[in-house]
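The first residue of the sequence shown is numbered 1, and numbering continues consecutively from there. Atoms within a ligand are numbered from 1 in the order they appear, just like the ligands themselves. Just so we're clear, the structure is a prediction, and the values are computed from it rather than from any experiment.
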Amino acid sequence: MRIKQILKTKSTEQHISVKGWVRTNRDSKTNAFIAINDGSCMSNLQVFVDKEILTDQDVLHRATTGASIEVKGILVESPGKGQSVEVRAEEIIIIGDCPEDYPLQKKRHSNEFLREIGHLRGRTNTYSAVVRVRSAMSFAVHKFFQEKGFVNLHTPIITASDAEGAGEMFQVTTLPFHTFNSKAGIDYSRDFFGKKASLTVSGQLSAETYATAVGDVYTFGPTFRAENSNTTRHLAEFWMIEPEMAFCDIFGDMDLAEEFLKYILNYVLEHCAEDMEFFNKWVSKGILDQLNSVVKSDFARITYTEAIEELIKSGKKFEFPVTWGIDLASEHERFLSEEVYKRPVIVYNYPKEIKAFYMKLNDDGKTVRAMDVLAPGIGEIIGGSEREDSYDQLISRIEELGLEKEDYDWYLDLRKYGTVPHAGFGLGFERMIQYVTGMTNIRDVIPYARTPKNCNF
Ligand code: 4AD
Ligand code: MG
């Protein structure tokens with residue numbers, strides 16, 4: 001039985017067998033208490049050992065912190081405090097010994113230290129809780145969209161288009177290295193795909209093609225960005241959820257984003273109670289109250305222009321000065337959500353200069369129908385927009401920005417043949433996990449973080 005199941009059971013006095021890793025082993029003259037954990041939940045199972053019944057006393061010396069063991073015995077109501085049931089051991093079997101240099105001893109380790117032992121950190125309370133919550137959130141994402149009738153779309157990971165026009169992509173090639181040092185330039189016709197190819201930065205453009213075929217779609221996959229950002233919110237490899245809806249405008253897009261985020265929060269609060277208690281107590285005090293109040297209240301919604309006015313009005317001195325036209329920095333985003341509104345804020349209608357080419361131009365000719373969701377503690381967690389659905393407008397944006405029209409022929413076709421208003425957004429999955437758990441560094445909410453100069457394990 002898994003420990004999660006055992007701790008829930010009401011039927012004591014039954015024989016059980018349980019396997020896990022020793023967390024602690026308190027030994028006295030006549031008996032011993034071993035706490036074991038199998039990762040199924042935060043709690044350990046207490047094993048009571050009456051030394052007289054053990055035929056092999058050596059197992060107690062070998063059941064050290066980190067060792068893997070099997071315990072056979074009777075489940076009984078626990079006379080001690082802290083647990084409702086415990087196991088009275090009849091037999092202990094050592095599955096794998098754990099020598100003394102095991103780095104995870106009883107004391108609490110720093111997240112920095114644990115990052116260096118990424119292959120073992122999953123055995124700590126914090127990191128096993130993170131990965132369980134992450135798994136529940138992943139399930140909630142699919143549940144939300146499937147219940148709404150969205151079609152799950154697997155968009156390509158290798159791509160020949162640069163969706164965001166940002167140009168910070170990892171290249172995929174089979175050409176020999178010396179090719180890249182040659183003065184003659186690189187002949188991509190000899191490369192695997194016969195052209196330059198990269199890892200995707202977003203599945204959006206491919207999602208748009210299917211949204212204009214089957215209606216509402218969503219993708220949930222890995223995305224890659226070769227930006228040299230060493231921050232607590234950037235990864236080179238992260239996971240993104242991108243819904244795309246036909247016959248939908250920017251306001252429908254915001255409604256879906258808000259409903260979606262609240263659904264995930266509710267799901268976690270309901271299904272990950274024990275792990276969330278842990279985060280509330282040890283990682284981010286008060287996070288439970290905060291999330292519980294967010295699911296009950298409406299997100300604030302303001303235009304970019306109003307956001308700039310709020311920032312200027314505050315009189316606060318920011319590292320990056322505020323004027324109309326700047327891209328909001330994370331200090332601005334956090335100020336709006338943490339200080340001004342004290343909850344998530346949706347900012348929309350950004351200047352076209354700071355947003356991607358595909359966003360729909362407003363009638364003012366200056367702003368586009370972009371919307372970002374900003375969360376307390378994080379800043380931007382969602383970026384989305386209504387897409388430009390006019391063929392002529394899109395062509396002129398592509399030309400204005402000096403992009404190659406031929407590269408976007410297929411994308412333009414969507415506007416040529418039965419165009420529809422459509423909209424979507426991308427949620428950075430790891431940023432959402434940070435928001436939910438209160439973990440301050442994005443490297444700590446993905447099992448194996450990829451960041452500049454760091455690709456271990
Ligand atoms: O705002 P972004 O760049 O939007 C897009 O990629 C659109 N194509 C999405 C769409 O409309 N379908 O990225 C979306 C989100 C951000 O809000 C952020 O949460 C996350 O992806 N994100 C990152 N997360 C971790 N590390 C990075 N380097 C990230 N870059 C973006
Ligand atoms: Mg963005």
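Not less than 6.0 angstrom separates the ring centroid of Phe193 from the ring centroid of Tyr188. For Phe220 and Phe145, the ring centers sit 6.0 Å or farther from each other.
The residues Arg415 and Glu208 are annotated as salt-bridged, a charged nitrogen and a carboxylate oxygen being separated by less than 4.0 angstrom. For Glu274 and Lys4, the salt-bridge test fails: no basic side-chain N is under 4.0 Å from an acidic carboxylate O. Salt bridge annotation for Lys195-Asp191: absent, with no cationic side-chain nitrogen under 4.0 angstrom from a carboxylate oxygen. The pair Arg115-Asp444 meets the salt-bridge criterion, since a charged nitrogen lies less than 4.0 angstrom from a carboxylate oxygen. Classification of Lys313 and Glu309 as a salt-bridged pair fails, no side-chain N sitting under 4.0 Å from a carboxylate O. Ionic pairing of Arg132 and Asp275 is present here: one or more N-O contacts between side-chain nitrogen and carboxylate oxygen are shorter than 4.0 angstrom. Using a 4.0 Å cut-off between charged nitrogen and carboxylate oxygen, Glu306 and Arg301 do not count as a salt-bridge pair.
Ligand-side atoms of ligand 1 in range of Arg387: 10 (C), 11 (O), 12 (N), range being under 4.0 angstrom from any heavy atom. Atoms of ligand 1 found under 4.0 Å from any heavy atom of Ile382 (numbered from 1 in listed order, with element): 17 (O). Shown in contact with Arg233 at under 4.0 Å from a heavy atom are these atoms of ligand 1, numbered in order with element: 25 (C), 26 (N). Counting the atoms of ligand 1 from 1 in the order shown, those under 4.0 Å from a heavy atom of Tyr358 are 7 (C), 8 (N). Within ligand 1, counting atoms from 1 as listed, the ones closer than 4.0 Å to a heavy atom of Glu242 are 7 (C), 8 (N), 9 (C), 10 (C), 12 (N). Atoms of ligand 1 found under 4.0 Å from any heavy atom of Gly384 (numbered from 1 in listed order, with element): 11 (O). Per-residue contacts place Gly383 under 4.0 angstrom from the following atoms of ligand 1 (heavy atoms of the residue considered): 1 (O), 9 (C), 10 (C), 11 (O), 17 (O). With ligand atoms numbered from 1 in the order given, ligand 1 contributes 15 (C), 19 (O), 20 (C), 21 (O) to contacts under 4.0 Å with heavy atoms of Gly428.
Contact annotation for Ile442 and ligand 1: only side-chain heavy atoms (C-beta onward) come within less than 4.0 Å of the ligand. Only the backbone of Phe425 comes within 4.0 Å of ligand 1, judged by heavy-atom distances. Neither the backbone nor the side chain of Lys355 has a heavy atom within less than 4.0 Å of ligand 1. At a heavy-atom distance under 4.0 Å, atoms from both the backbone and the side chain of His234 approach ligand 1. Counting heavy atoms under 4.0 Å from ligand 1, residue Phe224 does not touch it at all. Residue Glu430 does not touch ligand 1, judged by heavy-atom distances below 4.0 Å.
By the 4.5 Å heavy-atom criterion applied to side chains, Arg225 and Phe170 are not counted as neighbours.
Between Met432 and ligand 1 there is no heavy-atom distance shorter than 4.0 Å.
The salt bridge (Lys or Arg N to Asp or Glu O under 4.0 Å) test with Glu430 singles out one residue from Arg134, Arg233, Arg450, Arg443, and that residue is Arg134.
Taking each of Asp372, Val201, Leu235, Ile378 in turn, the one with a heavy atom nearest to atom 28 (N) of ligand 1 proves to be Leu235.
Between Phe320 and His332, the ring-plane angle classifies as perpendicular under the 30° and 60° cut-offs.
The shortest N/O to N/O separation between Ile381 and ligand 1 falls below 3.5 Å. Inclusion of Ser202 in the set of residues having an N or O under 3.5 Å from an N or O of ligand 1 is warranted. When only interatomic distances are considered, the shortest N/O to N/O separation between Arg225 and ligand 1 falls below 3.5 Å. Remark: ligand 1 and Glu244 share no N or O pair separated by less than 3.5 Å (distance only, no angle test).
Closest approach between the Mg ion (ligand 2) and any N/O/S atom of Glu380 involves OE2.
Taken to the nearest 0.5 Å, the CD1 atom of Ile264 stands 12.0 Å off from the NZ atom of Lys143.
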